[in-house]
Peer 1: 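Here you go, one structure.
Computation of the quantities below employed the complete heavy-atom set of this structure, encompassing side-chain atoms and omitting hydrogens, waters and symmetry-equivalent molecules. Because the structure is predicted, anything quoted here is derived from the model rather than measured.
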Amino acid sequence: MYELVIIGGGPAGVTAGIYAARKKIRTALVTDTFGGQSLVSSDIQNWIGTISISGFELGKSLEKHLRAQEGIDIIDGDNVTEISDNTAQKIFTIKTKQGRTLETRFLLVTSGSRRRRLGVPGESELDGKGVAYCSICDAPLFRGKDVVVIGSGNSGLEAVRDLLPYAKNIFILDKVNGLRGDKTTQEKILKEKNVQTILGVDVLDIFGSPMVQGLHFKKGDGDPQALSVGGVFIEIGLMPNSDIVRNFVKLNEYGAIIVDAKTQRASNPRIWAAGDVSDGLYRQNNISVGDAVKAVLNIHDSLHSGVV
């Protein structure tokens with residue numbers, strides 16, 4: 001029997017695990033890997049205290065810090081597949097893909113998010129055949145080709161940066177009329193002669209056989225236009241990984257767990273959430289870490305107050 005089970009091994013989950021161990025809360029942390037969405041980042045420059053670090057290095061650093069703690073059970077290489085709630089006894093029973101069964105009084109969900117898909121014809125058919133979602137993984141495959149990055153937020157701009165050493169020309173497409181990402185990154189990218197923006201448009205489809213040959217887009221009520229490219233990188237945001245607890249907590253319209261911003265507590269008083277799976281306004285590693293600290297401190301208070 002645990003007092004707390006943490007689901008997820010990104011910055012929020014690891015931070016929660018460290019704080020829970022230091023607060024002597026009987027805790028297990030379940031994760032398939034460490035690092036979260038940041039694993040695909042080639043160069044993180046806003047992780048406070050570190051000028052520059054790759055997502056891979058960040059994941060290793062988080063794991064090392066967590067494993068240095070005493071009194072926490074770390075279950076990695078595994079995923080939570082089922083949760084049941086015995087409300088009478090106030091106990092959650094958790095089952096994992098590897099066949100483990102855990103029981104706990106409280107849950108902290110830090111399961112992060114996954115890439116949002118565009119949902120247009122040709123996307124699924126050409127996935128892995130020129131349609132990509134990970135620039136750091138796939139950018140070298142597009143050497144000398146014209147490519148499109150769909151999305152102009154931070155993830156989109158980072159994809160452009162990853163592609164610059166390889167792609168011939170890069171087109172940034174977005175339905176909004178202005179770039180949305182970090183201003184400093186915008187300035188650096190827009191100085192490049194091989195980067196163009198096509199904004200205020202909707203992507204209609206992606207075409208090609210057997211590989212991507214281009215896409216069609218439309219601006220407002222205008223006629224559809226074709227853009228010939230050899231690759232399409234889709235960077236339009238993330239979807240919260242909240243399905244595992246959707247029967248126990250209230251979610252917002254995007255599927256994020258609604259929490260009290262002061263405590264990170266969800267609508268179920270025995271569940272907390274932190275990081276990208278929660279309904280916080282901003283998606284940043286540093287914010288996820290702070291939210292996880294709040295959650296664990298509130299969990300600690302709840303354990304010792306006897307209110308829950």
Peer 1: Tell me which one of Leu227, Val148, Ile150 satisfies side chain to side chain contact (heavy atoms under 4.5 Å, CB included) with Phe217.
Peer 2: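 Of the listed residues Leu227, Val148, Ile150, the side chain to side chain contact (heavy atoms under 4.5 Å, CB included) partner of Phe217 is Leu227.
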
Peer 1: Under 3.5 Å, side chain of Asn86 to main-chain N/O of Ile91, donor-acceptor pair present?
Peer 2: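 It does not hold such a pair.
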
Peer 1: Checking the side chain of Asp205 only, and the main-chain atoms of Gly122 only, is there a donor and an acceptor separated by less than 3.5 Å?
Peer 2: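 Checked: no pair found.
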
Peer 1: Assess whether side chain to side chain contact (heavy atoms under 4.5 Å, CB included) is satisfied between Ile74 and Arg67, documenting all intermediate values.
Peer 2: CA-CA 8 Å; Ile74 302 169; Arg67 292 193 185 279; 3.8 Å; yes

Peer 1: Between the side chains of Ser38 and Asn285, does any donor sit under 3.5 Å from an acceptor?
Peer 2: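 The answer is yes; a qualifying pair exists.
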
Peer 1: Go through Arg100 and Asp73 one step at a time and tell me if the salt bridge (charged side-chain N to carboxylate O under 4.0 Å, His left out) criterion holds.
Peer 2: CA-CA 13 Å; Arg100 295 179 174 90; Asp73 290 344; over 6 Å; no

Peer 1: To the nearest 0.5 Å, what is the distance between CH2 on Trp47 and CD on Glu57?
Peer 2: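 These two atoms lie 13.5 Å from each other.
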
Peer 1: Less than 4.5 Å apart, side chain to side chain, heavy atoms only: is that true for Asn268 and Phe92?
Peer 2: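 The answer is yes; the side chains approach within 4.5 Å.
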
Peer 1: When rounded to the nearest 0.5 angstrom, what distance separates CZ in Arg105 from CZ in Arg270?
Peer 2: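 Separation between the atoms: 9.5 Å.
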
Peer 1: Mind telling me whether His216 and Phe207 have parallel, tilted or perpendicular rings, with 30° and 60° as the class edges?
Peer 2: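 Rings of Phe207 and His216: tilted, as their planes differ by 30° to 60°.
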
Peer 1: Determine whether a donor-acceptor pair (N or O, by modelled atom type, separation under 3.5 Å) exists between the side chain of Asp276 and the backbone of Pro240.
Peer 2: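 No; judged by distance alone, with no hydrogens or angles, the pair does not exist.
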
Peer 1: So, Asp146 and Asn169: side-chain donor and acceptor under 3.5 Å apart, yes or no?
Peer 2: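 Result is yes, a qualifying pair exists.
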
Peer 1: So, do Val296 and Thr27 sit near enough that their side-chain heavy atoms are less than 4.5 Å apart?
Peer 2: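 Sidechains of Thr27 and Val296: no contact.
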
Peer 1: Taking everything shown except Phe142 itself, do over 12 heavy atoms lie less than 6.0 Å from its CZ?
Peer 2: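 For Phe142, atom CZ is crowded (more than 12 foreign heavy atoms under 6.0 Å).
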
Peer 1: Indicate, with yes or no, if Trp272 and Leu29 share a hydrophobic cluster defined by side-chain heavy-atom contacts under 4.5 Å among Ile, Leu, Val, Met, Phe, Trp and Tyr.
Peer 2: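 Shared cluster, yes.
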
Peer 1: Once you round to the nearest 0.5 Å, how far does CD1 of Ile48 lie from OG1 of Thr50?
Peer 2: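 So the CD1 of Ile48 and the OG1 of Thr50 are separated by 9.0 Å.
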
Peer 1: Any sub-3.5 Å donor-acceptor pair from Asp174's side-chain atoms to Ser152's backbone N or O?
Peer 2: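 Judged by distance alone, yes, a pair lies under 3.5 Å.
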
Peer 1: Counting neighbours of CZ on Arg114 that are heavy atoms of other residues, nucleotides or ligands and sit closer than 6.0 Å, is the number greater than 12?
Peer 2: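 For Arg114, atom CZ is crowded (more than 12 foreign heavy atoms under 6.0 Å).
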
Peer 1: Using the rule side chain to side chain contact (heavy atoms under 4.5 Å, CB included), only one of Val109, Asp85, Val80 pairs with Val245; which is it?
Peer 2: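 Exactly one option meets the side chain to side chain contact (heavy atoms under 4.5 Å, CB included) with Val245, and it is Val109.
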
Peer 1: Going hydrophobic residue to hydrophobic residue with side-chain gaps under 4.5 angstrom, can you get from Ile83 over to Ile271?
Peer 2: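 They do share one cluster, since a chain of ILVMFWY contacts under 4.5 Å joins Ile83 to Ile271.
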
Peer 1: Distance from Lys23 atom NZ to Ile18 atom CD1, nearest 0.5 Å?
Peer 2: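 Here the rounded value is 14.5 Å.
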
Peer 1: So do Leu204 and Val120 actually touch side chain to side chain, heavy atoms under 4.5 Å?
Peer 2: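 Result no, sub-4.5 Å side-chain heavy-atom pair not found.
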
Peer 1: Show the nearest heavy-atom pair for residues Gly275 and Ser288, with the distance to one decimal.
Peer 2: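 Closest approach of Gly275 to Ser288: CA-OG, 3.3 Å.
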
Peer 1: Within the side chain of Ser242, is there an N or O that forms a donor-acceptor pair under 3.5 Å with the backbone of Gly255?
Peer 2: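 Yes, because the side chain of Ser242 sits within donor-acceptor range (under 3.5 Å) of the backbone of Gly255.
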
Peer 1: Can you confirm whether Leu190 sits close enough to Thr197 that some side-chain heavy atom of one is under 4.5 Å from a side-chain heavy atom of the other?
Peer 2: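 Yes - at least one pair of side-chain heavy atoms lies under 4.5 Å apart.
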
Peer 1: Could you walk me through whether Leu107 and Phe248 pass the side chain to side chain contact (heavy atoms under 4.5 Å, CB included) check?
Peer 2: CA-CA 11 Å; Leu107 277 177; Phe248 308 117; 5.8 Å; no

Peer 1: Find out whether Leu251 and Ile257 are in side-chain contact, i.e. whether some heavy atom of one side chain is under 4.5 Å from a heavy atom of the other.
Peer 2: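 Yes - at least one pair of side-chain heavy atoms lies under 4.5 Å apart.
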
Peer 1: As an exercise, state the distance from CG of Asp260 to CZ of Arg265, rounded to the nearest 0.5 Å.
Peer 2: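 Taking CG in Asp260 and CZ in Arg265, the distance rounds to 9.0 Å.
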
Peer 1: Using every non-hydrogen atom in the two residues, find where Arg26 and Met1 come nearest and quote the distance to one decimal.
Peer 2: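 Looks like NE-O, 3.6 Å.
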
Peer 1: For a 4.5 angstrom cut-off between non-hydrogen side-chain atoms, does Ile25 reach His300?
Peer 2: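 With C-beta onward as the side chain, the pair touches.
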
Peer 1: Looking at Val131 and Asp127, what are the two nearest heavy atoms and their distance?
Peer 2: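 Nearest heavy atoms, Val131 then Asp127: O-OD1, 3.7 Å.
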
Peer 1: Out of the candidates Arg117, Arg116, Glu235, only one should pair with Tyr133 under the side chain to side chain donor-acceptor pair (under 3.5 Å) rule; please name it.
Peer 2: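 Only one of Arg117, Arg116, Glu235 forms a side chain to side chain donor-acceptor pair (under 3.5 Å) with Tyr133, namely Arg117.
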
Peer 1: List the atom of Ala159, the atom of Ser135, and the distance in Å for their closest heavy-atom pair.
Peer 2: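 Heavy-atom minimum between the residues: CA-OG, 3.4 Å.
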
Peer 1: Which distance, rounded to the nearest 0.5 Å, do you find between the NZ of Lys188 and the CG of Leu164?
Peer 2: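 It is 11.5 Å, given to the nearest 0.5 Å.
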
Peer 1: Are any of the side-chain heavy atoms of Thr93 and Glu103 separated by less than 4.5 Å?
Peer 2: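 Yes, their side chains come closer than 4.5 Å.
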
Peer 1: Using side-chain heavy atoms (C-beta onward) and a distance below 4.5 Å, is Ile94 in contact with Val30?
Peer 2: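 No, their side chains stay 4.5 Å or more apart.
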
Peer 1: Between Gly13 and Thr110, what is the shortest heavy-atom contact and its length?
Peer 2: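 Heavy atoms only, the tightest pair is CA-OG1, 3.2 Å.
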
Peer 1: For Gly181, is there any backbone N or O sitting under 3.5 Å from a side-chain donor or acceptor partner on Gln186?
Peer 2: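 Yes: the side chain of Gln186 pairs with the backbone of Gly181.
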
